[in-house]
Amino acid sequence: MSDTKIKKQEEPWQGGVAKNITFIVTKDCQLACKYCYLVGKNEKERMSWETAKAAIDYVLDREEEFPQESVVWDFIGGEPFLEIDLIDRICDYIKTELYRRDHHWFDSYRFSFSTNGINYDSEKVQRFINKNLSHLSIGITIDGTRRKHDLNRIWKGSGPERGSYDDVVRNIPLWLEQFPGGGTKVTISSADIPYIKESVLHLYGLGIHEVNINVVFEDVWKEGDDRLFEDQLMELADAIIDGGWYESCSCSFFSENIGKPLDPELENQNWCGAGMMLAVDAAGNFYPCTRFAAYSLRSKKPLIIGNVRDGIDQDKLRPFLTLDRLTQSPQKCIDCEVASGCAWCQGENYDAADTDTIYQRSTAICLMHKARVRANNYYWNKLFRKLELEGKKEEYEKNKPEANASLTC
Amino acid sequence: MKRKVGNVTEQEKQEILALFERRNGLTELARILTPDNAELYEKLVADMGATGTRFQQWWDTTSARYGWESAPDGNWEIDFNTNDIYLVIPD
Amino acid sequence: MIVQLCDTSASFCHYPNTRAERKLISVEALRKALRMAMCENMTVQFLYPDYALPSEYVELIESVDHAKVAPVGVTDEADIVVLPSLDRADEVKEGDTVCVRISRAELCDSVEALSALLRRVTRLNVSLTDSHTAVPEELPAYADALDRLGETVKEEYARGHFVQLNLLTDRLMLKQMNNCNAGAETVTLAPDGKFYICPAFYLEGDSPVGDPDAGIEVPNAQLYALSHAPICRSCDAWHCRRCVWLNRKRTLEVNTPGRGQCLTAHAEREASRRLKERMDAAAPGNMFNEIEKLDYTDPFEKVSR
């Protein structure tokens with residue numbers, strides 16, 4: 001067995017074969033993060049049990065229309081754990097109904113959560129976790145060091161700004177004990193750039209070995225941000241390699257497969273999974289992804305594809321299911337020499353488009369992607385040189401895992 | 001102590017993965033299902049027995065086929081990502 | 001350039017026009033637009049209302065090369081005669097090019113009246129008012145009606161009258177996609193003096209895409225082109241209108257047709273294929289296209305495979 005190890009980023013559970021069904025259980029959150037794309041958060045729109053049940057029944061009544069091998073029942077907010085009683089009832093109902101109906105998903109399902117971690121240790125949440133442990137995927141969002149985290153992730157309300165770092169970090173040991181491979185999601189906006197390196201290393205130090213980090217898709221970038229970003233990533237690359245972190249930890253900024261031109265025919269697939277997923281909100285409306293719900297959109301009307309009473313309007317799904325990379329991309333992206341790994345969010349594309357379309361790719365992150373590619377090249381060149389000098393490069397190449405192309409959201 | 005003692009094919013992995021998932025599903029369902037729900041409860045009890053048997057059969061058959069190393073207090077584990085089989089002996 | 005002269009100008013296509021209040025385009029706007037059309041080498045089609053136009057309009061219209069689309073009986077010079085109802089089919093003159101808007105059910109019930117019309121006209125354009133709502137169960141009846149109309153077409157050919165019926169003969173004669181192309185190759189000047197993607201976009205209250213002073217700027221113009229329509233570019237129902245207004249109505253995207261429009265176009269394509277077989281038997285060596293039999297009724301199935 002090889003002892004040359006570079007930790008690979010974990011693949012999403014049943015990536016590519018699982019249907020993702022999202023319940024927007026609440027639009028409320030304890031926090032008011034500055035970079036949050038949810039512009040319409042509120043305390044009123046809480047999902048009722050009747051709506052949740054109708055959505056579950058709608059999906060389970062149509063097993064042939066949802067033939068995917070597996071299912072991920074996703075709970076999102078706001079902060080989903082604010083509605084733990086409802087979630088518990090939903091999950092119990094799903095389990096019972098899957099079994100009662102002999103539904104093929106009984107043998108392959110997960111309940112997934114992305115939480116701010118604040119009430120993670122509450123009795124109700126813990127009871128729920130212990131009851132469903134083998135079917136749970138829970139990610140706690142912690143942005144890095146106290147100063148980076150508290151820069152954006154602040155408590156809601158008037159009065160002086162109060163960061164949430166202490167309220168989250170205290171729950172990390174319990175979370176890692178329950179989910180040892182747990183990863184966190186870090187979001188980078190313009191103001192966060194100077195803290196990237198220290199934050200990633202801090203998270204590694206907390207025992208979080210999987211750091212999924214990305215720049216926001218919105219057009220928030222200032223002149224010079226790309227240079228600062230590149231510098232930060234190169235410093236981070238040095239620290240990860242010199243400190244040997246690459247053996248046990250991963251950071252999604254660095255990937256062997258990014259920064260290459262893309263084949264117009266063979267690599268023409270859409271990046272985003274919108275339309276493959278199904279989201280339902282408190283009103284019982286269906287969306288191709290939560291990013292198309294009203295509370296996520298700055299300047300466009302919600303893109304509703306049906307509701308729990310009338311069902312899904314398949315015509316409204318057709319644009320999503322036939323969307324490809326080239327059709328939505330401007331020429332500069334089609335010709336781009338470093339196109340691979342450059343992501344997009346269909347919801348943000350829609351929100352930022354000149355017309356009401358999902359077919360206009362936003363290029364707000366163009367310079368940031370190019371900066372990432374340069375730093376990424378530096379990372380791999382430096383790492384491979386190190387392995388080479390240590391006589392381990394050949395061994396790594398021989399044993400390295402196959403590259404996977406997977407959806408990221 | 002944990003050491004690799006073998007490897008299974010993708011198809012074999014899928015068989016035990018499906019049984020593993022079902023067993024977990026049944027176990028967690030058992031936590032919320034009460035005898036009041038007689039029909040489902042009886043189905044669950046029978047299913048847990050049958051699934052447990054098939055689960056054990058897979059290990060018995062597959063370990064015999066490959067002749068994996070064993071230990072009196074040890075048990076085998078599978079890594080679903082690599083299809084590797086490990087012998088785990090409590091320290 | 002399509003010029004909708006009045007709010008009440010009759011629809012010649014899928015969209016309905018229920019406006020009853022007359023609102024004629026201003027002479028000034030018309031003059032500017034026609035000058036622009038000449039400068040930009042655009043061909044002009046005028047959509048007439050059902051009343052006589054003031055002389056200054058007539059004069060302006062006659063100052064450019066154009067085509068007239070007018071309700072039956074309004075002018076003797078119409079290039080395309082719009083028939084508001086089959087009840088008025090008698091008013092159509094021998095050799096006219098006629099446009100009629102009817103539902104699928106009406107078409108199925110009116111095969112004889114349509115056949116009678118086919119015997120007299122050069123070309124009949126049928127614009128279905130409900131192609132977008134078609135479901136598979138409804139299509140056998142439509143296919144049967146098309147076959148019966150095909151029989152009339154065949155008979156007319158046999159007697160040397162080479163009549164065209166858009167639903168059947170277009171696919172037999174076209175060599176590539178020939179769609180409406182609103183937004184890509186055509187634009188509509190509305191009675192408010194502004195440009196729109198097509199009359200339907202104006203009537204629905206959409207934002208204009210320009211005016212004769214500022215010019216035309218269609219946002220995301222590429223999405224109106226075939227190259228940017230993933231389903232349509234892989235389709236060979238070449239006669240399909242590929243109506244961007246219906247597309248948006250059904251799928252919220254101008255470049256993506258709903259299932260109804262595709263099913264209808266493929267029912268027509270298949271009827272054209274059957275007509276070709278019958279024509280081959282009756283008149284071997286005819287110049288009509290061979291049409292391949294397909295294993296799908298909606299090209300979405302092919303694209304998403």
Side-chain angles (χ1 to χ4, degrees), chain A residues 1-3 5 7-15 17-18 68-73 85 87-111 126-137 178 180-181 210 250 399-402 404 406, chain B residues 1-55 58 68-69 77-88:
Chain A
M1 232 175 86
S2 166
D3 64 352
K5 204 172 140 200
K7 187 180 181 304
K8 193 172 158 261
Q9 205 185 333
E10 292 295 321
E11 293 295 325
W13 179 75
Q14 295 289 85
V17 298
Q68 292 80 4
E69 200 177 296
S70 309
V71 62
V72 176
W73 304 95
D85 290 336
I87 287 169
D88 190 38
R89 193 170 177 189
I90 290 174
C91 293
D92 283 357
Y93 184 69
I94 288 172
K95 287 184 289 190
T96 310
E97 280 300 294
L98 286 177
Y99 191 63
R100 189 181 67 77
R101 294 164 183 254
D102 288 322
H103 196 291
H104 72 283
W105 282 345
F106 183 76
D107 290 339
S108 198
Y109 70 90
R110 289 291 182 273
F111 299 126
Q126 281 302 304
R127 196 166 52 231
F128 171 80
I129 289 172
N130 288 319
K131 192 162 112 180
N132 296 287
L133 192 61
S134 67
H135 286 94
L136 292 184
S137 159
Q178 292 171 325
E210 179 96 9
S250 73
N399 293 304
K400 81 173 175 184
E402 301 248 334
N404 275 310
S406 59
Chain B
M1 190 206 71
K2 179 175 171 178
R3 71 168 172 275
K4 185 180 165 184
V5 294
N7 187 271
V8 293
T9 65
E10 184 61 22
Q11 193 189 330
E12 288 165 335
K13 187 272 290 287
Q14 289 300 339
E15 289 165 8
I16 191 65
L17 179 58
L19 289 167
F20 176 75
E21 286 284 336
R22 186 161 190 84
R23 198 181 65 161
N24 286 343
L26 294 170
T27 305
E28 288 180 357
L29 184 62
R31 289 184 192 138
I32 57 168
L33 218 55
T34 59
D36 308 344
N37 190 343
E39 194 184 341
L40 220 51
Y41 189 77
E42 280 169 28
K43 179 181 168 187
L44 173 71
V45 171
D47 204 342
M48 287 181 87
T51 304
T53 304
R54 284 164 62 206
F55 191 82
W58 186 92
W68 295 327
E69 180 191 340
E77 270 183 18
I78 180 167
D79 180 333
F80 288 127
N81 292 317
T82 61
N83 301 0
D84 289 337
I85 305 293
Y86 293 90
L87 176 63
V88 182

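A, B, ... follow the sequence lines: proteins, then strands. Residue 1 opens every chain. For the numbers below, each heavy atom of this structure counts, side chains included, while hydrogens, waters and symmetry mates do not. Being a predicted model, the structure only gives us computed values, none of them experimental.
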Next on the checklist: A quick test of your reading: do over 12 heavy atoms of other residues, nucleotides or ligands sit less than 6.0 Å from OH of A/Y93?
Outcome noted: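 Count over threshold, so yes.
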Find the distance between [atom1] ([X]) and [atom2] ([Y]) and round it off to the nearest 0.5 Å.
| X | Y | atom1 | atom2 | value |
| --- | --- | --- | --- | --- |
| B/T27 | A/L133 | OG1 | CG | 12.0 Å |
| A/T96 | B/L33 | OG1 | CG | 6.0 Å |
| A/I94 | B/L29 | CD1 | CG | 12.5 Å |

Quick note, salt bridge (Lys or Arg N to Asp or Glu O under 4.0 Å) partners involving residues 89-99 of chain A, not counting sequence neighbours, are A/D92-A/K95, A/D92-A/K131, A/E97-A/R100, A/E97-A/R101
Worksheet item: With a 4.5 angstrom heavy-atom cut-off, which part of A/N130 approaches chain B: side chain, backbone, both or neither?
Response: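 Backbone of A/N130 only, per the 4.5 Å heavy-atom cut-off to chain B.
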Quiz item: Contact part of A/S108 toward chain B, heavy-atom cut-off under 4.5 Å: side chain, backbone, both or neither?
Solution: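 Looking at A/S108, just its backbone touches chain B.
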Taking a cut-off of under 4.5 angstrom between non-hydrogen atoms, the residues of residues 7-24 of chain B near chain A are B/E21, B/R22, B/N24
Cut-off 4.5 Å, heavy atoms of chain A, and the answer for B/L40 is both
Exercise. Taking all atoms of both residues into account, what is the closest heavy-atom pair of A/Y99 and B/L26, and its distance?
Worked result: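 Shortest heavy-atom contact: CE1-CD2, 3.5 Å.
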